[in-house]
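Shown below is the structure under consideration.
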Amino acid sequence: MSDPTQTARRTVLAAGASALAGGVLTACGEGEKQKPVSEPGSATDPSAPAPAAAKKTIAKAADVPVGGGTVLKEEKLVITQPTAGNYRCFTAVCPHQGCLVTKVANGTIDCACHDSKFKDTDGAVTKGPATRPLAEKKITVAADGSITLA
């Protein structure tokens, strides 16, 4: 036969778990008001996705010369413009030993640490010791010339 104290305890615990699972927990104080529950997907719904943040401009198209490029040290990116209006973006971190590339000239992105060179069109290795290409990053060039990461 079961102990009446244990049965009462289980009943209280089950009721509490049920109330929590159903979201029906009320305030104990007299005169306290419950906070209104927002509708799913509404502007006040805490689970609703945050509005998209404005994309940060990382460069201006006018700062990226045709047949050359610009190294953005702080962002660790390099943007090239191999032909007029054709912008490409790559990581500026050399895959050989992690140095930042230093310049874009004569169709290559150059790393001064160990003289690795990469194509300005696709980041492929043209001269080692690096054996892997620079990772490409997707960018968007707006009508006003601002360049952002896509």
Side-chain angles (χ1 to χ4, degrees), residues 10 12-150:
R10 271 187 245 131
V12 169
L13 290 174
S18 176
L20 286 174
V24 187
L25 200 58
T26 59
C28 296
E30 202 172 300
E32 289 183 28
K33 293 182 180 179
Q34 283 186 312
K35 193 174 186 177
V37 177
S38 56
E39 291 295 317
S42 72
T44 59
D45 178 12
S47 67
K55 292 185 180 183
K56 178 185 169 203
T57 298
I58 58 171
K60 289 287 191 179
D63 297 334
V64 184
V66 176
T70 302
V71 178
L72 307 171
K73 290 180 184 179
E74 283 195 30
E75 290 83 359
K76 296 183 181 173
L77 298 171
V78 58
I79 300 174
T80 65
Q81 187 179 185
T83 57
N86 179 23
Y87 296 89
R88 307 299 296 267
C89 183
F90 307 94
T91 179
V93 179
C94 179
H96 176 241
Q97 287 194 350
C99 296
L100 288 184
V101 297
T102 53
K103 68 178 182 175
V104 181
N106 303 317
T108 62
I109 302 166
D110 303 342
C111 179
C113 288
H114 301 102
D115 205 29
S116 290
K117 295 183 185 289
F118 308 87
K119 284 186 185 179
D120 65 354
T121 56
D122 63 4
V125 177
T126 62
K127 180 177 185 252
T131 58
R132 292 177 288 135
L134 296 176
E136 187 164 10
K137 305 291 183 179
K138 296 199 180 291
I139 55 172
T140 303
V141 182
D144 70 356
S146 57
I147 300 173
T148 58
L149 288 172

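Note that the numbering runs from 1 along the sequence shown for the chain.
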inquiry  = Distance check, rounded to the nearest 0.5 Å: T121 atom OG1 versus F90 atom CZ?
reply    =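 Going from the OG1 atom of T121 to the CZ atom of F90 covers 6.5 Å.
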query = Yes or no on side-chain contact (heavy atoms from CB on, under 4.5 Å) for L149 and K55, after CA distance, side-chain angles and deciding distance?
reply = CA-CA 7 Å; L149 288 172; K55 292 185 180 183; over 6 Å; no
key: Atom NZ of K103: over 12 foreign heavy atoms under 6.0 Å   = no
task = Begin with the C-alpha distance, continue with both residues' side-chain angles, and end with the deciding distance and a verdict on side-chain contact (heavy atoms from CB on, under 4.5 Å) for E136 and C89.
result = CA-CA 6 Å; E136 187 164 10; C89 183; 5.8 Å; no
ask   = So which heavy atom on A150 is nearest to which on T140, and how close?
value =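 Taking every non-hydrogen atom into account, CB-OG1, 3.7 Å.
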Spacing of CD1 belonging to I147 relative to CG belonging to L77, to within rounding of 0.5 Å =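 Interatomic distance, I147 CD1 to L77 CG, rounded to 0.5 Å: 11.0 Å.
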query = Do any N or O atoms from the side chain of S146 and from the backbone of T57 form a donor-acceptor pair under 3.5 angstrom?
reply = no
Minimum heavy-atom distance between Y87 and A61, given as atom pair plus value =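 For Y87 versus A61, the nearest heavy atoms are OH-CB, 3.3 Å.
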task = Just do the side-chain contact (heavy atoms from CB on, under 4.5 Å) check on T80 and I109 with the steps written out, would you?
result = CA-CA 9 Å; T80 65; I109 302 166; 3.8 Å; yes
From CG (L134) to NZ (K117), nearest 0.5 Å = 12.5 Å
request  = With rounding to the nearest 0.5 Å, note down the distance linking CD1 in I58 to OG1 in T148.
outcome  = 7.0 Å
query = What are the two closest heavy atoms between P95 and F118, and how far apart are they?
reply = CD-CZ, 3.7 Å
request  = Could you tell me whether the side chain of T91 and the main chain of V93 form a donor-acceptor pair under 3.5 Å?
outcome  =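 Yes, T91 side chain to V93 backbone: donor-acceptor pair under 3.5 Å.
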message = With a 3.5 Å distance limit and no angle check, can you tell me whether S116 reaches the backbone of A130 through a side-chain donor-acceptor pair?
response =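 Yes, S116 side chain to A130 backbone: donor-acceptor pair under 3.5 Å.
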task = Compare all side-chain heavy atoms of R88 with those of D120 and state whether any distance is below 4.5 angstrom.
result =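 A side-chain contact under 4.5 Å is absent here.
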inquiry  = Quick check on N106: does its CG atom have over 12 non-hydrogen neighbours (other residues, nucleotides or ligands) under 6.0 Å away?
reply    =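 Count not over threshold, so no.
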message = With heavy-atom distances below 4.5 Å as the criterion, would you say the side chains of V66 and T83 are in contact?
response =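 Side-chain contact under 4.5 Å: no.
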remark   = Correct closest heavy-atom pair for I79 and I139 would be CG2-CD1, 4.4 Å
task = Could you tell me whether the side chain of P129 reaches within less than 4.5 Å of the side chain of D115, counting heavy atoms only?
result = no
query = If you measure from the SG of C99 to the SG of C113, is it under 2.5 Å?
reply = yes
Carboxylate-amine/guanidinium proximity below 4.0 Å for K56 and E75 =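 So K56 pairs with E75 through a salt bridge.
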query = Which heavy atom in P133 sits nearest to a heavy atom in V125, and how many Å separate them?
reply =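 Of all heavy-atom pairs spanning P133 and V125, the closest is N-CG2, 3.9 Å.
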